[in-house]
Amino acid sequence: GQQVMQIPQYQHVQEGEDFTTYCNSSTTLSNIQWYKQRPGGHPVFLIQLVKSGEVKKQKRLTFQFGEAKKNSSLHITATQTTDVGTYFCAGQYVDMGRRALTFGSGTRLQVQP
Amino acid sequence: GAVVSQHPSRVICKSGTSVKIECRSLDFQATTMFWYRQFPKQSLMLMATSNEGSKATYEQGVEKDKFLINHASLTLSTLTVTSAHPEDSSFYICSARENLRETQYFGPGTRLLVL
């Protein structure tokens, strides 16, 4: 079946440093979504990328969708302690007419003040 | 933004009992709802996709007789864990998607502990 790989699994940074997580799909995606889950919380939708090569920004967060629509990245500039959490990518593909969302394994971000 | 509620938030039960978890979309109609399971520090695993008025589609390896899903209305889906065992202890999260939209909105999750 379809797989979505995400790296790194864990990253510990000093406050103010940048952070990037990468997502790779085994098959072409119709779109990719990013979620953030705080410790003890539930996933919260951040953004959706649909077009090949798309780049979107939300304040210090920059999201990219690869040209082949099989990979994506989330970059956080100048991390803050409020960025702590696990970031999941989720790839959407059409499987036998059914739209399914496959989550990556997540990248847990720890920010040292 | 769209709100999805889940009840109960936490449940402890004895082995062999059944537990029902409700998922409600509060301010939109959810033609599709999803049920996920998440083990500590792991990713979300899709268990089943439920469309209003039809049978749920279960992912490979998920027992449909064990995890009963009912999506009786456009705002409510229920997951019943039948004859729960300790290995069913987990964090169960539902999400809901509005018709013709791609974004899923997640409920706060239900922590199930089976003794």
Side-chain angles (χ1 to χ4, degrees), chain A residues 1-11 21 23-25 29-51 54 56 63 65 69 84-110, chain B residues 1-10 21 23-26 28 30-51 54-62 90-112:
Chain A
Q2 282 73 3
Q3 286 191 332
V4 176
M5 310 297 290
Q6 196 171 347
I7 57 169
Q9 287 189 356
Y10 174 76
Q11 183 117 39
T21 171
C23 196
N24 205 47
S25 167
L29 299 167
S30 59
N31 67 69
I32 195 156
Q33 300 172 22
W34 284 91
Y35 293 80
K36 177 182 178 181
Q37 185 175 23
R38 292 183 184 274
H42 61 279
V44 174
F45 174 80
L46 294 178
I47 208 159
Q48 175 179 279
L49 305 171
V50 179
K51 298 177 184 175
E54 189 170 12
K56 285 188 177 180
F63 304 84
F65 200 11
K69 298 182 73 172
V84 165
T86 300
Y87 293 84
F88 291 99
C89 64
Q92 185 146 65
Y93 57 91
V94 178
D95 178 25
M96 298 178 67
R98 185 167 62 92
R99 290 182 293 161
L101 198 64
T102 300
F103 278 79
S105 51
T107 296
R108 192 156 61 93
L109 172 64
Q110 192 65 256
Chain B
V3 178
V4 175
S5 71
Q6 212 172 315
H7 177 80
S9 59
R10 187 183 297 266
I21 303 170
C23 179
R24 291 180 187 273
S25 58
L26 297 185
F28 67 99
T31 49
T32 306
M33 287 185 170
F34 304 87
W35 286 96
Y36 295 86
R37 186 172 178 176
Q38 186 178 34
F39 290 104
K41 296 185 180 179
Q42 292 191 25
S43 188
L44 290 85
M45 300 299 298
L46 179 65
M47 297 174 67
T49 303
S50 136
N51 291 297
S54 62
K55 289 184 179 179
T57 304
Y58 289 80
E59 295 301 302
Q60 196 170 12
V62 178
S90 191
F91 189 45
Y92 292 87
I93 310 176
C94 72
S95 70
R97 185 174 67 201
E98 201 171 0
N99 193 28
L100 302 179
R101 293 183 179 269
E102 298 292 350
T103 306
Q104 291 185 27
Y105 297 96
F106 283 82
T110 296
R111 294 196 184 277
L112 171 64

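In this text, all values refer to a predicted model and were calculated from it rather than measured experimentally. Note on naming: letters A, B, ... go to the chains in the order of the sequence lines (proteins, then strands), and numbering restarts at 1 for each one.
Annotation: salt bridge (Lys or Arg N to Asp or Glu O under 4.0 Å) contacts of A:Lys56 (sequence neighbours excluded): A:Glu54. By the salt bridge (Lys or Arg N to Asp or Glu O under 4.0 Å) test, A:Arg108 is found to be paired with no residue, residues two or more places apart in sequence or in another chain being considered.
Put simply, SG on A:Cys89 and CG on A:Leu46 are 11.5 Å apart, with the number rounded to the nearest 0.5 Å.
The candidate from A:Pro43, A:Ser105, A:Gly106, A:Pro39 with the greatest count of non-hydrogen atom pairs under 4.5 Å with chain B is A:Pro43.
Looking at A:Gln6, there are no atoms closer than 4.5 Å to chain B (heavy atoms on both sides), in backbone or side chain. The parts of B:Leu44 that come within reach of chain A are both its backbone and its side chain, each placing non-hydrogen atoms under 4.5 angstrom from that chain. Heavy-atom distances place no part of B:Gln6 under 4.5 Å from chain A, backbone and side chain included.
In terms of heavy atoms, B:Met33 sits closest to B:Ala96 at CG-CB, 4.0 Å.
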